[in-house]
Every structure is written in structure tokens, then in C-alpha cells.
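Following: one structure in C-alpha cells, then a few remarks.
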Amino acid sequence: METKILSTSEYDIALAGEIIRNGGLVAFPTETVYGLGANALDENAVKKIYKAKGRPSDNPLIVHISEKEDIAPLVKEITPKAKALIDAFFPAPLTIILPKSSLVGNTVSGGLDTVAVRMPENGTARRLIKAAGCPVAAPSANTSGLPSPTKAKYVIDDMNGKIDAIIDGGDCEFGVESTVITLAADTPSILRPGAVTKEMIESVIGKVNVDRAVLEGMDSSGTAVSPGMKYKHYAPKAKVIIVDADRKTYEDFVNSRENAFALCFEGDNVIIPKLTYGKEDDDLSQARELFDALRRLDEMGAERVYARIPNTDGVGMAVYNRLIRAAAFKIIDLKKPFFIGLTGQTGAGKGYVCRYLSRLGFNILDSDKSVKKIYENNPALLKKLAEEFGNDILVNGKLDRKRLANIAFSSKENTKKLNKIVHPEVISLCEKEAKPLTVLDAPQLFEANAQSRCYKVISVVAPYKTRLKRIMSRDGITKEQADARINAQLDEEYYINNSDFVIYNNGENIEKQIEKIMEEIL
Ligand code: TXA
Ligand code: MG
């Protein structure tokens with residue numbers, strides 16, 4: 001099918017109206033996003049919308065009208081709250097759900113007994129509806145699952161050849177779809193946040209709920225009040241991950257990532273490839289630019305995108321609601337600095353893993369170095385250790401770590417005693433020095449009970465013989481000493497059972513294992 005590209009001239013609008021009246025499909029601008037319109041009262045025409053979008057048939061469409069009087073025939077009753085909202089806001093980026101009248105078919109309403117009604121503010125949209133002379137069913141004019149189009153060119157990308165015409169009316173003003181509120185339930189409930197905010201609505205009709213699915217995920221088997229909530233949405237090809245962090249932490253985080261894109265705010269100090277979506281303190285600019293940025297990321301070939309989290313107040317709730325769906329609910333929380341714990345039995349090859357992670361750009365914190373610092377700068381601690389393990393561990397007032405190790409790691413009991421003295425000091429020093437997403441290289445992670453401070457724990461394990469050989473040559477110790485150290489440690493099963501990820505250092509491609517794990521964590 002040839003898709004006509006139309007202007008907003010009188011002639012073209014009249015032509016577009018005729019196409020709709022005759023059962024065809026026309027995409028048109030609204031103040032929110034472009035819509036894909038058909039005669040709402042013509043079941044066959046409405047079916048074409050689902051087909052062109054690849055939209056599941058149980059996901060109902062919004063019926064658009066151009067005059068307030070056109071609402072009454074579509075619904076069972078205009079309730080007092082509905083009337084109040086209509087009077088206060090229409091025309092507006094606001095959609096109201098009410099029990100439907102018999103005029104509204106089952107295809108438009110996705111089999112529900114309610115109908116969603118909206119009177120758009122955009123002049124072109126209303127002129128088109130008038131010209132069509134019927135209510136116009138219109139979802140966003142994107143292929144199902146992709147970001148909604150905020151420019152005619154994105155409609156062309158998705159719909160060219162599939163629909164009769166596209167009216168090019170320039171860029172959409174708000175950039176995110178209308179607020180959807182149901183008045184068909186006992187308490188009014190916002191099913192989708194938009195530019196008409198919860199606060200604005202509450203100032204007119206009092207308390208309203210925000211449906212749980214607005215800010216949280218829901219699996220596709222869940223029963224949604226609004227069927228649209230359960231489907232994958234706004235998802236670009238790129239993998240988007242939201243980073244929950246203040247500006248500086250976000251900048252540090254993304255600037256040390258490789259092969260990644262940043263989706264940040266104007267003025268953020270980001271040196272990796274980036275796109276912005278509005279300004280930090282301007283939720284309307286974020287709403288306007290978000291979908292465009294998501295589409296452009298794909299055009300730029302981005303594969304992994306770290307998005308800076310928006311505020312969730314006001315229109316920010318709408319921005320966050322779209323972004324979190326684009327990210328398939330993946331968020332990295334850097335608000336509390338957390339570690340990725342890396343541990344393993346002595347000689348298992350943790351050192352190699354650390355060096356590789358460092359090459360991948362991860363910040364590594366060596367807990368052994370922190371221990372050293374503590375021993376060097378903490379006379380009170382040395383005194384305690386000497387009391388416990390004997391003065392022989394001190395040479396000229398300084399700690400001989402080898403002697404301490406030989407005594408302290410010779411039995412589980414001694415190891416416990418040492419840990420109790422040293423671990424709390426080490427943990428607090430590490431936490432002081434940590435940046436978010438630091439890999440904490442900690443042979444004693446579990447013994448120090450530091451796994452609770454870790455976002456994820458990775459253990460490196462290797463066969464007994466390999467470990468034995470390694471530590472004998474590395475530390476210049478006898479087989480007996482090496483055995484004693486190994487026996488003073490937790491066994492392999494413990495590491496495996498208490499870790500989120502295990503790296504098997506047994507000759508299999510260890511780099512691949514590491515990359516796969518970090519991929520999953522990030
Ligand atoms: O801003 C907008 O609302 C745009 C422009 C074109 O008007 N339209 C739009 O439509 O975003 P669509 O189909 O992409 O999103 C409509 C949402 C879907 O999540 C759908 O499930 C929900 O509204 N919805 C429609 N009718 C409903 C009903 N009767 N009950 C519950 N949810 C409904
Ligand atoms: Mg949509």
C-alpha cells in the first residue's frame with residue numbers, strides 16, 4: 001500500500017477525514033504523541049489498527065473526540081467525577097475510562113466493558129476528528145513495543161506501506177502519552193501517568209490511587225487493570241539500564257564504562273558517547289525528548305545504555321514510568337555504595353580474575369592492602385594482636401605479617417580470633433574508600449561477614465591440587481604449611497552455596513566466564 005504524506009492544510013485534513021470515514025487508517029499528530037486513527041465505530045477499520053501495529057487484541061484503544069458533547073453517546077453515564085475532570089481539563093492530554101455504551105464495539109475496547117475517551121488539545125487532531133465526522137480510535141502510531149513516535153519521521157519508519165496516510169504536523173509538545181485514569185472502579189485510579197499529574201487531578205476530584213503497575217514491574221501473566229501495562233513497552237533495540245545515583249556518582253560510573261552509551265541530562269559531564277533527554281530540573285523537557293532519544297540511540301547503534309534516573313514527582317512520574325519500561329525494569333542502585341564481592345579459596349586464581357576485571361575497567365579494592373594500611377597506622381590494633389598471638393609477631397614495633405599469618409592461619413580457632421580483631425576495621429576502611437560498583441577483592445569475605453555489604457558475590461574455585469601447587473610456589477611454603485592454610489579455610493561447597501556466581505578456574509575459558517557474569521550483574 002502506498003502511504004500518502006499529508007500536510008495540515010484544509011485540503012489535506014479533509015482528505016484524511018474522508019479516508020477515516022471510509023474505513024482507512026491515518027496517522028496524525030496530537031499534543032502527546034502521534035496517533036494511528038480509524039473510525040472507532042467501524043469494527044473492520046479498528047481491526048486494521050491492531051494489524052498495522054502488531055498489537056495484541058486484548059489491549060484496548062483510546063477513542064478520541066473533538067467536542068465534549070461527543071462523549072455521552074460512548075459511555076453508560078458521565079459520573080460527577082468524570083464531569084468534573086472533563087470540565088476542568090478537556091481538551092487535554094488526559095484519558096478517562098468509563099463503562100461503555102452499546103455503541104462501542106468489542107474490538108476497540110479489547111473485550112472490556114469500559115471505554116477510554118480523550119479529547120486532544122492539538123488543533124490538527126481535533127480538525128481531523130471533525131473532518132472524519134466520527135469518534136476516532138487511536139493508539140500511539142508506533143509498531144507495538146517500540147517507543148511512541150513524537151515526530152512524523154518515526155511514524156514513517158514504523159508505518160510506511162502499512163497505512164493510508166500520515167499527517168505531518170511537526171514535533172509533539174509533551175512527548176509522552178496522555179494520563180489514563182479509570183473512573184470505572186470504586187476509587188479513581190491512574191493507570192498511566194502523563195502531563196496531567198496526580199496532583200492536578202486530585203485538586204479537582206480528591207484522592208486518587210496510582211496503580212501499582214505504574215512504577216513497578218508486572219509479569220505478562222498478571223491481570224492488569226489496563227492491559228497495556230503488561231506488555232513490553234518503549235523498548236529500543238539497545239539494552240537500557242537505569243542508574244539510580246546523584247549526578248556526580250552517575251558521571252563517575254558511566255565515564256568508566258566501555259562500549260556503552262549514556263542517556264543523561266543536558267550539562268552532565270559525560271565523556272562516553274551520549275544523548276540527552278532534557279534538563280535535570282525540567283520534567284517537561286525530559287518528557288518531550290525521551291522517546292526521540294530512545295529512537296536515536298537505536299539509529300546510533302547503541303547496544304548498552306546507562307540512563308540517568310529522573311525525579312518521579314509531577315510529570316517526572318510519567319517520564320520514569322516510560323523509562324523504566326524501556327529498561328525492562330533494570331535499575332542499578334548506586335545510592336548506597338555497594339561492592340561486588342570477589343572471594344575464593346587461597347590459590348584458586350582470584351588474583352588473575354582481579355587483573356582481568358581491572359582491564360575491563362572495574363575499580364578494584366584490594367582488602368589485603370586495606371589490612372596492610374590498618375597494620376601500619378593503628379598501634380592500638382597491633383597491641384591487641386600481640387596480646388592475642390604473642391610478641392614474636394612484632395619486629396622493632398612493626399608487624400611481621402608472615403609470622404602472624406603462620407600462627408593465625410594455622411588453625412580455625414586462631415583464624416577466628418584474628419578475624420574478630422581485624423575484620424571490622426578492614427570493612428570500615430574499605431567502605432570509606434569504595435566507589436559505587438567497586439569489586440572488593442576479599443579472600444576473607446565470608447569470614448568477615450562482608451557478603452551482606454555486597455550487591456553480588458562471586459567466588460573463584462579450583463581443584464585442590466592446583467591450589468596446593470600454587471600457594472607453595474607463590475608463598476615459598478612447605479606442603480604441610482600449605483595444607484594447614486587450606487584446611488583453615490571454608491570448603492568449596494560453602495563458597496559455591498553462598499555466592500551468586502562461581503568462576504571455575506579449571507582450564508575452561510575463564511575470561512568468558514568473567515565477562516558473562518559481569519554482563520549479568522550490570
Ligand atoms: O496520548 C495518548 O493517549 C496517545 C494519543 C495518540 O492519544 N494514545 C495512546 O494510546 O497512547 P495507546 O493505545 O498507545 O495507549 C492506550 C493505553 C493502553 O495502555 C491501554 O491498555 C489503555 O490505554 N486503555 C485503553 N482503553 C482502556 C480501558 N477500557 N481500560 C483500561 N485501559 C485502557
Ligand atoms: Mg502505545
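Every number for a ligand or one of its atoms is a count from 1 in the order of the listing.
Short contacts between ligand 1 and P60, defined as distances under 4.0 Å to a heavy atom of the residue, involve ligand atoms 20 (C), 21 (O), 24 (N), 25 (C), 26 (N), 27 (C), 28 (C), 33 (C). Those atoms of ligand 1 that come under 4.0 Å of a heavy atom in S140, given as number and element, are 8 (N), 9 (C), 10 (O), 12 (P), 14 (O). Within ligand 1, the atoms closer than 4.0 Å to a non-hydrogen atom of T114 are 28 (C), 29 (N), 30 (N), numbered from 1 in the order shown. Of all atoms in ligand 1, numbered sequentially from 1 with element shown, those under 4.0 Å from a heavy atom of L112 are 28 (C), 29 (N), 30 (N).
Proximity annotation for atom 21 (O) of ligand 1: of N59, I49, I181, N59 comes nearest, heavy atoms only. Here the shortest heavy-atom distance to atom 8 (N) of ligand 1, taken over G35, S148, A138, S144, belongs to A138. With distances taken over non-hydrogen atoms, the option nearest atom 10 (O) of ligand 1 out of P149, S109, P139 is P139. Around atom 13 (O) of ligand 1, the closest heavy atom drawn from K53, E31, R55, E177 belongs to R55. Proximity annotation for atom 1 (O) of ligand 1: of I62, L98, T32, T32 comes nearest, heavy atoms only.
T143 contributes no side-chain N or O that, together with a main-chain N or O of L146, makes up a donor-acceptor pair within less than 3.5 Å. One N or O on the side chain of S452 and one on the backbone of N449 form a donor-acceptor pair closer than 3.5 Å.
The cationic atom of R127 (NZ for Lys, CZ for Arg) does not lie both less than 6.0 Å from the six-membered ring centre of F28 and within 45° of the ring axis.
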E177/S148 under side chain to side chain donor-acceptor pair (under 3.5 Å): CA gap, chis, key distance, verdict: CA-CA 8 Å; E177 309 87 339; S148 300; 2.5 Å; yes
Run the salt bridge (charged side-chain N to carboxylate O under 4.0 Å, His left out) test on D268 and R308 for me, step by step, so that the C-alpha distance in whole Å, both residues' side-chain angles and the decisive distance to 0.1 Å come before the verdict. CA-CA 10 Å; D268 283 357; R308 201 173 146 202; 2.9 Å; yes
Any chance you could lay out the side chain to side chain contact (heavy atoms under 4.5 Å, CB included) test for L94 and I201, step after step, and finish with the verdict? CA-CA 10 Å; L94 173 68; I201 292 173; 4.1 Å; yes
Given side chain to side chain contact (heavy atoms under 4.5 Å, CB included), test I241 with I331 step by step and report yes or no. CA-CA 6 Å; I241 299 147; I331 303 187; over 6 Å; no
Please lay out, stage by stage, how R453 and E431 fare under the test salt bridge (charged side-chain N to carboxylate O under 4.0 Å, His left out). CA-CA 9 Å; R453 323 263 172 142; E431 286 195 328; 3.1 Å; yes
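Classification of the F265-Y277 ring pair by plane angle, with boundaries at 30° and 60°, yields tilted.
For H64, the heavy-atom gap to ligand 1 drops under 4.0 angstrom.
Side chain to side chain, D292 and Y154 meet the donor-acceptor criterion of an N or O pair below 3.5 Å.
To the nearest 0.5 angstrom, C134 atom SG is 8.5 Å from D42 atom CG.
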Compile the donor-acceptor pairs under 3.5 Å between side chains in residues 30-39 and protein atoms, sequence neighbours left out, one pair per line.
{"unit_1": "T30", "atom_1": "OG1", "unit_2": "T32", "atom_2": "N", "d": "3.0"}
{"unit_1": "T30", "atom_1": "OG1", "unit_2": "T32", "atom_2": "OG1", "d": "2.8"}
{"unit_1": "T30", "atom_1": "OG1", "unit_2": "V33", "atom_2": "N", "d": "3.3"}
{"unit_1": "T30", "atom_1": "OG1", "unit_2": "V33", "atom_2": "O", "d": "2.7"}
{"unit_1": "T30", "atom_1": "OG1", "unit_2": "R118", "atom_2": "NH2", "d": "3.1"}
{"unit_1": "E31", "atom_1": "OE1", "unit_2": "E121", "atom_2": "N", "d": "3.1"}
{"unit_1": "E31", "atom_1": "OE1", "unit_2": "N122", "atom_2": "N", "d": "3.1"}
{"unit_1": "E31", "atom_1": "OE2", "unit_2": "R118", "atom_2": "NH1", "d": "2.7"}
{"unit_1": "E31", "atom_1": "OE2", "unit_2": "E121", "atom_2": "N", "d": "2.9"}
{"unit_1": "T32", "atom_1": "OG1", "unit_2": "R118", "atom_2": "NH2", "d": "3.2"}
{"unit_1": "Y34", "atom_1": "OH", "unit_2": "G169", "atom_2": "N", "d": "2.9"}
{"unit_1": "Y34", "atom_1": "OH", "unit_2": "G170", "atom_2": "N", "d": "3.2"}
{"unit_1": "Y34", "atom_1": "OH", "unit_2": "G170", "atom_2": "O", "d": "2.7"}
{"unit_1": "N39", "atom_1": "OD1", "unit_2": "L41", "atom_2": "N", "d": "2.9"}

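Contacts between I97 and ligand 1, counted as non-hydrogen atom pairs separated by less than 4.0 Å, involve the side chain only. The side chain of R192, and not its backbone, has at least one atom closer than 4.0 Å to an atom of ligand 1 (non-hydrogen atoms only; side chain from C-beta on).
Excluding water, every protein N/O/S atom under 2.8 Å from the Mg ion (ligand 2) is given here by residue and atom: S140 OG.
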